[in-house]
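Since the structure comes first, as structure tokens, the remarks are kept for the end.
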2 protein chains.
Amino acid sequence: MEERTRLLGESLKGLLEEGKMSASLALLDGLQPADAAEVLETLPYDDRLRIFKVWDVEESADALPEMSEGGQVEVMQGLARSLATRIISEMPPDDAVDLLADLPDKTSDGILASMSPFKAGQLRRLMAHGEDTAGGLMTPDAMRLSQEMRVGQVLERLREAPESVEMIYYVYFQDEASRLTGVSSLRELIVADLNRPVKEIMHGQLMTVAPEEDQERVAALIDRYDLLAIPVVDGEDRLLGIVTVDDVMDVLEEEAKEDIYGLAGTFEIEEQKERHPFIGVLLGRLPWVLIALTIELLVAGGILRAFSGRIRDNIALVFFIPVILTIGATVSLQSATRMTVEITTDPGKRRRFRRSIAGEALIGLGIGVLSGVVISLFAWSMKGDARLGWVVGLALVIATMFSALVGSLLPLLLKMSGRDPAMASEPFLTTLMDVLGLAVYFLIGIALL
Amino acid sequence: MEERTRLLGESLKGLLEEGKMSASLALLDGLQPADAAEVLETLPYDDRLRIFKVWDVEESADALPEMSEGGQVEVMQGLARSLATRIISEMPPDDAVDLLADLPDKTSDGILASMSPFKAGQLRRLMAHGEDTAGGLMTPDAMRLSQEMRVGQVLERLREAPESVEMIYYVYFQDEASRLTGVSSLRELIVADLNRPVKEIMHGQLMTVAPEEDQERVAALIDRYDLLAIPVVDGEDRLLGIVTVDDVMDVLEEEAKEDIYGLAGTFEIEEQKERHPFIGVLLGRLPWVLIALTIELLVAGGILRAFSGRIRDNIALVFFIPVILTIGATVSLQSATRMTVEITTDPGKRRRFRRSIAGEALIGLGIGVLSGVVISLFAWSMKGDARLGWVVGLALVIATMFSALVGSLLPLLLKMSGRDPAMASEPFLTTLMDVLGLAVYFLIGIALL
């Protein structure tokens, strides 16, 4: 993929240098939108802008949504308002809304003002929905027809469906009050007798979501029931739009990325990142680091200070600090990760979670006992002192079991208090386990040495 | 969802206790397969088996693939071979193959032997492909027609398509030598003139994959080009089958889960897990823990031992060990996570990666300087000794920058050597950074104290 994009980008650059604009456009026209977008992003900004200024509006509207958010905004801000407006009007409404939301308010207001009132109204209504909801994902362009039609009439209407209708493989039917009453797949329609009333073949019981439904749940429904699209309805059962399977695939990736970043202890500050990548990423990572720093200095440092006399007398205790901290951190993160994945992929199965936590504690105990035996034999042989072996081994077993318990409980508690379970992240857990691990280690040390 | 499933499960149990089998089956028949599967899994094993023994074979074949792998195997092993064979014959081939692969060899061989030779041959051919490849995901049941037909003839054939054809919205065309030559969407077909030869409207340049293509790449292609299905072809361009978008959604989830688990340092040993959950999970997590344990004991412990004289004289050095280790571990995991996500979502962009690594090093430096200032002021004020402040602060800056560099380089090196970038996991990185951090800390300590 990369090689091909690079080669195409170089050809395009060569053509532009020789002033062959129409050949450049022909090259782009032959590509899939996602490929055209990738090739365009290899070009310097000025060249890219030159192309969008003369490129076919429809091709521009197809390729632009496939570019990075920052790239889209750059292009939009470099074009005359009239052209920018034409391109955005041509884009699928869900993509248009995403782009408008990324533009500075002044620019997007200007674009909406110079649009046809119908289109502007449609986009404004869509923009009212939260970005991460069914309403924010949906496109209003779905096939919606009267439930009083016959199959032949429906097929006739499908033949005339404007290209803007993304998904014609599901047809939605409504009554006179515009309430959604059923759905048929195109497959069912072409198999049916042309004279049959659609009312007889449509499915009356359909899966719908409210516009404020979280995008993660929308994705889960489409996945669970193998749908190509799901209708979004308002309180009066009127069809507002549909969310299609391709939009939802992007959601799955986005949510997985969020979980991964969350567990590694980085917040994603998208807006900051677009404007100033370095500051954005730094600000996204710093909070956890600073929290960890403070707790380590005050609490973990404090524990070590409190035991400094004991440490001076038994300097061998220091050698095992890293291993106790690291095993504790690892086990807690493993448990937290498993619980976070379970909670986010299977929310609601409370009963199973209780069993999972017990399972994690057992696994923590298993890992603790196995590594405790290794470490205590090592400590014993090192100093020829069985007591040191006991202290280190016992501390490791207890710390490990604690780690598994805390790691598995924390995401669940976060979830139950309405927060993101992935907040139980590496820096947070590591810090917590450092403090607990040190306390356990030295308390056992006092008791046994 | 959970509430509804629980209630349905209880109703079903009640009906079974009263011996009302036909009412039980009617309840299940009214559900979507995924819901029926979930409800069935709430039942005791014996009740579940009683249902499958009398349930409609088609309904069984729809619901079974939606159950957990372990649950499917249990049911299959409880049924008479003739019934098991009938259910598997009725299942979509891609699901049938997955289930057969999970069964003990003797059972699956027996089932295949009692199947129709045609069906058994089809399944055996599918089973030859690797589970995580396009061949392992595909279903052979696609619409494939001669490119010499006219649109009207094609539509006529679609009307007669057997239900087993999962995706009739894409029709594939082939020449006399059975080579795949083009594709049309049903949308394009119903819009076209019925008398037009399909050769004139079909797309000749189509995206295909080889059967051994990795499932992650298949998912990426479907996602990138917003496809509903992608054809799998052999070396002679003959259509072997298609991978549909719903299969690929499961792949995305699976791969995301793998990455998350990988970064947290747990291998997934699926087979072991099915047979013995506790041992499977334990064995999956232990390797990294034992590697960490060994390195910590030998190297980190060794470093501390080497410096034990210095530590005894400056016991305050011990207080800052946890913070240096934890910040180093956190920063390295943050960098490794970002790189792993970049590499797996956008493989191939070498040039961008170099910039990312430089960016990570800068961010590491930024975090290091900010927290270094905090920690050195703290150390200074604690002991009234500016030198301790310098040692701790400097060590933190250097360790943090190192961590960011190592964390971002490691996934890339793993990828370049053909391994999974997510092997750069938390226990591995934490251990590595413990060793590096301690070495830096005490070397600076020797130089400055």
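Lettering of chains follows the sequences in order, A, B, ..., and the numbering in each one begins at 1.
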Between Leu370(A), Leu362(A), Leu290(A), which has the largest tally of heavy atom pairs under 4.5 Å with chain B?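 Looking at each option in turn, the highest pair count goes to Leu362(A).
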Please list, chain by chain and in numerical order, all residues satisfying side chain to side chain contact (heavy atoms under 4.5 Å, CB included) with Ala300(A), sequence neighbours excluded. Glu296(A), Val435(A), Leu438(A), Pro322(B)
Take atom CD of Glu163(A) as the centre, draw a 6.0 Å sphere, and report whether it contains more than 12 heavy atoms from other residues, nucleotides or ligands.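 Atom CD in Glu163(A) is not crowded, with 12 or fewer foreign heavy atoms closer than 6.0 Å.
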For the CZ atom on Arg157(A), are there more than 12 heavy atoms of other groups (residues, nucleotides or ligands in this structure) within a distance under 6.0 Å? no
Checking [X] against chain A: side chain, backbone, both or neither under 4.5 Å from a heavy atom?
X: Glu66(B); value: side chain
X: Ser185(B); value: both
X: Leu252(B); value: side chain
X: Phe378(B); value: side chain
X: Ala329(B); value: both
X: Ile321(B); value: side chain
X: Val299(B); value: neither
X: Ala219(B); value: backbone
X: Asp434(B); value: side chain
X: Leu325(B); value: side chain
X: Ile375(B); value: both
X: Glu360(B); value: side chain
X: Ile303(B); value: neither

Lys/Arg N to Asp/Glu carboxylate O, Glu253(B) vs Lys257(B), below 4.0 Å: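 Salt bridge flag = no for Lys257(B) with Glu253(B).
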Check Glu38(B) with Arg4(B), please: is the shortest side-chain N to carboxylate O separation under 4.0 Å? no
Do Leu158(A) and Val191(B) make a side-chain contact, defined as non-hydrogen atoms from C-beta onward lying under 4.5 Å apart? no
Does some side-chain heavy atom of Leu227(A) sit less than 4.5 Å from a side-chain heavy atom of Val245(A)?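 The answer is no, as the side chains (C-beta and beyond) never meet within the 4.5 Å cut-off.
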Report which part of [X] has an atom under 4.5 Å of a heavy atom belonging to chain B: side chain, backbone, both, or neither.
X: Ala316(A); result: neither
X: Ser335(A); result: both
X: Phe320(A); result: side chain

